[in-house]
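Predicted model only: the values in this text are computed from it and were never measured. Residue indices begin at 1 and follow the sequence shown.
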Amino acid sequence: RAQDGAATAAVGGRSSAAHAFVAVPPDVKIGPTATAKMLMDLRAALPRGSALHLLSGPLPRDPVSSKVQRQVLLSGLVADRPRSLPADVVLRSRLRTFASWFLLAVFAGCLDASALLRLLLAQALPRRPWRRLFLQLALHTASLPYLWLFTMHMPRTLTRLFTQTLPFGRLGLVWLLHQASRHGRSFDAQSARSTLGKVARTVIAAWTAAGVGLAWHKGRFLPWWVAFWLSIPCRLEEECGWWL
């Protein structure tokens with residue numbers, strides 16, 4: 001329709017979500033008062049919730065019938081679909097950090113901070129450390145998926161306590177538990193550190209047993225272990241990446 005002979009308009013879409021397109025010829029000069037009146041009249045004539053669009057050029061029309069091409073007008077409102085990256089590029093970018101996060105999860109329960117310190121200070125090291133390291137590595141890789149599963153079923157307020165305060169979140173908590181459990185054995189049974197070591201070993205054993213029970217109850221004892229080690233690098237990057 002025409003408004004004061006200066007603008008043409010077309011309405012496209014359903015009445016509940018209509019789009020009105022107003023085209024003002026560039027050679028026509030409309031004053032502020034006339035423009036405000038035109039827009040008010042158009043807004044009053046449109047259904048509630050419709051959108052009003054101003055065009056700098058003429059309305060697109062069919063060359064044969066001279067009808068307004070509504071599909072052309074509405075197609076300009078749909079954003080172009082973003083081009084996705086090739087699958088090999090995305091896969092390489094994900095695998096680039098996969099190994100580092102995977103190794104961090106594997107060795108989180110085996111890295112002995114005090115042993116590394118003694119090594120740097122050229123002090124005496126325990127005999128056959130590789131045998132102990134291999135045993136710790138085997139126990140850690142076997143128990144971590146189920147310990148992690150139990151922490152996923154904890155109350156959210158409790159999980160936030162260590163995911164947002166401890167460095168590296170859940171993985172940092174696992175490292176601290178293993179550090180406390182490992183070094184509590186070298187002190188006297190009545191010392192505070194020995195008590196802390198016993199508490200840490202009890203927590204690790206109890207949480208792991210609870211996670212095993214959860215996985216067994218769901219019938220996913222072995223599938224959960226495999227799925228955990230395949231997905232833990234991505235999970236750690238999301239949960240711990242902001243610490244780096």
Side-chain angles (χ1 to χ4, degrees), residues 87 90-116 126 128-186 193-244:
V90 177
L91 185 59
R92 283 199 301 267
S93 63
R94 299 298 297 175
L95 292 179
R96 190 175 297 114
T97 57
F98 185 92
S100 57
W101 287 111
F102 183 83
L103 292 177
L104 182 62
V106 168
F107 290 101
C110 308
L111 294 177
D112 192 336
S114 62
L116 293 176
R128 298 178 179 179
W130 298 110
R131 178 180 298 180
R132 179 181 298 179
L133 178 62
F134 178 78
L135 180 60
Q136 292 173 352
L137 182 63
L139 293 175
H140 173 68
T141 54
S143 63
L144 180 61
Y146 305 105
L147 189 151
W148 196 283
L149 179 61
F150 177 73
T151 62
M152 293 173 61
H153 287 77
M154 286 182 173
R156 183 163 306 203
T157 55
L158 183 59
T159 56
R160 285 178 179 174
L161 183 63
F162 49 80
T163 56
Q164 298 181 0
T165 57
L166 285 177
F168 295 94
R170 262 184 282 246
L171 193 66
L173 176 64
V174 171
W175 181 80
L176 288 177
L177 288 174
H178 280 281
Q179 289 295 312
S181 65
R182 185 179 301 117
H183 298 292
R185 301 171 181 174
S186 59
R193 292 189 178 183
S194 178
T195 303
L196 180 62
K198 292 179 181 178
V199 171
R201 290 191 292 273
T202 303
V203 169
I204 293 174
W207 288 9
T208 303
V212 169
L214 288 171
W216 188 273
H217 177 70
K218 297 293 185 179
R220 300 172 182 174
F221 180 73
L222 291 179
W224 167 250
W225 189 90
V226 176
F228 173 84
W229 286 113
L230 290 177
S231 62
I232 191 58
C234 298
R235 178 61 180 169
L236 287 180
E237 188 174 5
E238 296 174 358
E239 185 174 310
C240 311
W242 63 283
W243 285 100
L244 300 178

### Query
Is the closest side-chain heavy-atom distance between Pro233 and Thr97 below 4.5 Å?
no

Quick one: pull up [atom1] in [X] and [atom2] in [Y] and give me the separation to the nearest 0.5 Å.
{"X": "Thr159", "Y": "His153", "atom1": "OG1", "atom2": "NE2", "result": "12.0 Å"}
{"X": "Leu161", "Y": "Arg156", "atom1": "CG", "atom2": "CZ", "result": "15.0 Å"}
{"X": "Met152", "Y": "Arg170", "atom1": "CE", "atom2": "CZ", "result": "6.5 Å"}
{"X": "Leu173", "Y": "Trp207", "atom1": "CG", "atom2": "CH2", "result": "5.0 Å"}
{"X": "Arg220", "Y": "Leu149", "atom1": "CZ", "atom2": "CG", "result": "10.0 Å"}
{"X": "Phe168", "Y": "Trp175", "atom1": "CZ", "atom2": "CH2", "result": "10.5 Å"}

Please find the pair of heavy atoms, one from [X] and one from [Y], that lie closest to each other, and give the distance.
{"X": "Trp148", "Y": "Thr151", "result": "O-OG1, 2.5 Å"}
{"X": "Leu171", "Y": "Ala108", "result": "CD1-CB, 3.6 Å"}
{"X": "Ser181", "Y": "Ala200", "result": "N-CB, 3.7 Å"}
{"X": "Ser143", "Y": "Thr208", "result": "CB-CG2, 3.7 Å"}
{"X": "Gly211", "Y": "Phe150", "result": "N-CB, 4.0 Å"}

### Task
Determine yes or no for a side-chain-to-main-chain donor-acceptor pair under 3.5 angstrom, with Trp225 supplying the side chain and Thr141 the backbone.
yes

### Query
Hey, is the main chain of Trp101 close enough, under 3.5 Å, to the side chain of Glu237 for a donor-acceptor pair?
no

### Task
May I ask you to check whether Phe221 and Tyr146 place their ring centers less than 6.0 Å from one another?
yes

### Query
Taking the six-membered ring for Trp, are Trp229 and Phe102 ring centroids under 6.0 Å apart?
yes

